[in-house]
Amino acid sequence: MSDKGRAQDATGSLWSFTALPPPATQRLEASLRTDVAIIGGGYTGLSTALHLAELGIKPAVLEAFSVGHGASGRNGGHINAGTKYDPVELKGKFPADVAQKMIDFSSAAPDVTFDLISRFQIGCDALRTGWILPAHNHAALDALKRRADAWQSHAADVRVLSADEVAERIGTDRYVGGIIDLRCGNIQPLSFVRGLARAAINSGALVFSDTPATALTRAEGGWRVKTPKGEVLADHVVIATNGYTDGLWPRLQQSVLPVNSFQIATAPLAVGDNQKILPQLNTVSDSRRIMLYYRKDREGRLVIGGRGRFREPRGLHDYGHLMRSLRWLFPQLSSQPIDHFWSGRVAITYDHLPHIHQPERGITIALGYNGRGVAMATAMGKRIAEHIHGASDSLPFVPSQITPIPFHRFNRLATSAAIGWYTFRDGIDALKR
Ligand SMILES: Cc1cc2nc3c(=O)[nH]c(=O)nc-3n(C[C@H](O)[C@H](O)[C@H](O)COP(=O)(O)OP(=O)(O)OC[C@H]3O[C@@H](n4cnc5c(N)ncnc54)[C@H](O)[C@@H]3O)c2cc1C
């Protein structure tokens, strides 16, 4: 790994080299009383804090490490719309009113995110250029066209692209066509989460770093959150720990699979390559079983990500699949230096949808964005704040029981095996195209 690949902060990501500085935060070293204690300083927690503060409710965020230490500071920065399922699939799975809420929420999540960025002037290189989903074969293209149809019938600006249009927009002829979703865009994710923290603090929220919540017990009609050097007494607690969930709340850790997503970033592309590859700065997620996602940053680095090993990476060999994908997509970049390598944890749920739990009075938990949390977690924070403020109908998903994934430990092994198998089958598909 080059010098540039060494961590500037705990995330070790490209973003930590190009982000806005974090707001000043400190460890909690006192006992404090507040309205809402929020555990986790990512998009969910900080957006909840910001919106609560705007509603006149006092929040305190407790983050075990630094703001954006989790997925919010490490992700690809793609602002996507929708859940894993398109509107037709959601309507097939849930009663009409429940499905409609999910559709409306997930469709509007990019609007909520871009609105916040503009309202608080968060300098995070936000661009609303559209998300391309290219197809690696004709069966995948048919499925994508159905997805475009389903969204168009909900007035979303989602269009079908020919093979030539995809080739021109991405700069590779590896795909047979695709769709573009113009609700979507991209950001510098660590700058965004730091900007959210700054906006929350300026609106009156307290944000503590280096402050893990270690125990949660009932107290004085509310809850006591213990930390190593202090405690918070609050009427309400929001747990926003997603793929970094620990044993704080019974069985919560077993309700999600924390799957690693790995990313690499090239050195800035030479002028000619930069003009050909993603000239309109779209984001891309391709249709293979083991999804590959990529984009460029503001300096013209290509940032490419995909599932990695279940465990944390141990060396550059763990990123070999991404380097092979890079060469497959853009052979002209075969000797392009790779300057940054990092990973983070995505929270996968058994039904591939986000979950809200309210296991006891005064406790709200939101997690499980299944790799689509940049916009949804941000929008979720707004809805949780409105709910705590008293809006009866603001939660976008019906609160469910915390359900541990059966054989959680073995599921981790099964997921590793499945990743290997699907990677193999993607390789066969690529030969067949
Ligand atoms: C590599 C990668 C790429 C991704 N790319 C995209 C993308 O391009 N587009 C997209 O939409 N989504 C993407 N995602 C998913 C997205 O980043 C997440 O869904 C989103 O950031 C979740 O935000 P969050 O606030 O819920 O959780 P997180 O950002 O993970 O924050 C949880 C926080 O809780 C803290 N915590 C845990 N336990 C405790 C405790 N006991 N006390 C105090 N603090 C605690 C952790 O330290 C962490 O900071 C990606 C994720 C990864 C990992």
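Both backbone and side-chain heavy atoms feed into the values below; hydrogens, waters and symmetry mates do not. Order of appearance sets the numbers: ligands from 1, and atoms from 1 within every ligand.
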Requested in this report: Run the salt-bridge test on R295 and D297 with the 4.0 Å N-O cut-off and return the result as yes or no.
Outcome: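 Between D297 and R295 there is no salt bridge, as every charged N stays at least 4.0 Å from the carboxylate O atoms.
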
Query raised in the report: Does D210 come within less than 4.0 Å of R27, counting only side-chain N to carboxylate O?
Result: yes

[X] atom [atom1], over 12 foreign heavy atoms within 6.0 Å:
{"X": "R218", "atom1": "CZ", "value": "yes"}
{"X": "Q152", "atom1": "CD", "value": "yes"}
{"X": "R128", "atom1": "CZ", "value": "yes"}

Query - Pairs touching residues 232-246 that satisfy side chain to side chain donor-acceptor pair (under 3.5 Å), sequence neighbours left out - result: R33-D235, R74-Y244, H236-T364, T241-T245

Requested in this report: Report yes or no: is the cationic atom of K93 (NZ for Lys, CZ for Arg) closer than 6.0 Å to the six-membered ring centre of Y85, at no more than 45° off its axis?
Outcome: yes

Proximal ligand 1 atoms for [X], defined as those under 4.0 Å from one of its heavy atoms:
{"X": "P212", "answer": "42 (N), 43 (C)"}
{"X": "V346", "answer": "51 (C), 52 (C), 53 (C)"}
{"X": "F65", "answer": "47 (O)"}
{"X": "L62", "answer": "43 (C), 44 (N)"}
{"X": "R372", "answer": "10 (C), 11 (O), 12 (N)"}
{"X": "G77", "answer": "8 (O)"}
{"X": "V374", "answer": "7 (C), 9 (N), 10 (C), 11 (O), 12 (N)"}
{"X": "D246", "answer": "38 (N), 40 (C), 41 (N)"}

Which heavy atom of the protein is the closest neighbour of [atom], given with residue, atom name and distance?
{"atom": "atom 8 (O) of ligand 1", "answer": "H78 N, 3.1 Å"}
{"atom": "atom 5 (N) of ligand 1", "answer": "G76 N, 3.0 Å"}
{"atom": "atom 22 (C) of ligand 1", "answer": "N242 ND2, 3.6 Å"}
{"atom": "atom 47 (O) of ligand 1", "answer": "E63 OE2, 2.7 Å"}
{"atom": "atom 34 (O) of ligand 1", "answer": "G40 CA, 3.3 Å"}
{"atom": "atom 53 (C) of ligand 1", "answer": "G344 C, 3.2 Å"}
{"atom": "atom 24 (P) of ligand 1", "answer": "T44 OG1, 3.5 Å"}
{"atom": "atom 39 (C) of ligand 1", "answer": "T241 CG2, 3.7 Å"}

Requested in this report: List the steps, then state whether side chain to side chain donor-acceptor pair (under 3.5 Å) holds for E63 with T211.
Outcome: CA-CA 5 Å; E63 163 54 48; T211 303; over 6 Å; no

Flag [X] as yes when one of its N or O atoms lies below 3.5 Å from any N or O atom of ligand 1, and as no otherwise.
{"X": "A71", "result": "yes"}
{"X": "R74", "result": "no"}
{"X": "G371", "result": "yes"}
{"X": "I39", "result": "no"}
{"X": "S66", "result": "no"}
{"X": "S72", "result": "yes"}
{"X": "N75", "result": "yes"}
{"X": "G373", "result": "yes"}
{"X": "R345", "result": "no"}
{"X": "A64", "result": "yes"}

Query raised in the report: Which bit of Y293 is near ligand 1, meaning a heavy atom under 4.0 Å away: side chain, backbone, both or neither?
Result: side chain

Requested in this report: Using a 4.0 Å heavy-atom threshold (strictly under), name the region of Y43 that reaches ligand 1: side chain, backbone, both or neither.
Outcome: both

Requested in this report: Not counting sequence neighbours, which residues clear ring pair (Phe, Tyr, Trp, His ring centres under 6.0 Å) with Y293? List them please.
Outcome: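 If we apply the ring pair (Phe, Tyr, Trp, His ring centres under 6.0 Å) test to Y293, skipping adjacent residues, the hits are H78.
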
**Report entry** Atom pair CD1 (I180) and CG (L161), whose distance is rounded to the nearest 0.5 Å
**Finding:** 5.5 Å

**Report entry** Distance in Å, I277 CD1 paired with D273 CG, rounded so as to fall on 0.5 Å steps
**Finding:**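 Taking CD1 in I277 and CG in D273, the distance rounds to 5.0 Å.
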
Query - Candidate list N186, I117, L20, test side chain to side chain contact (heavy atoms under 4.5 Å, CB included), partner C124, passing option - result: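 Looking at N186, I117, L20, the match for C124 under the side chain to side chain contact (heavy atoms under 4.5 Å, CB included) is I117.
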
Should the ring pair [X] and [Y] be called parallel, tilted or perpendicular, given that the plane angle runs from 0 to 90° and is split at 30 and 60?
{"X": "Y319", "Y": "F341", "result": "perpendicular"}
{"X": "F192", "Y": "Y43", "result": "tilted"}
{"X": "H154", "Y": "W151", "result": "perpendicular"}

Query raised in the report: Does some side-chain heavy atom of P396 sit less than 4.5 Å from a side-chain heavy atom of K101?
Result: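 Side chain of K101 against side chain of P396, heavy atoms only: no contact under 4.5 Å found.
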
Report task. Look at atom 32 (C) of ligand 1 and find which of G306, G70, G381, A240 reaches it with the closest heavy atom. Result -> A240

Report task. Could you go through the side chain to side chain donor-acceptor pair (under 3.5 Å) check for T266 and D339 one step at a time? Result -> CA-CA 5 Å; T266 66; D339 282 348; over 6 Å; no

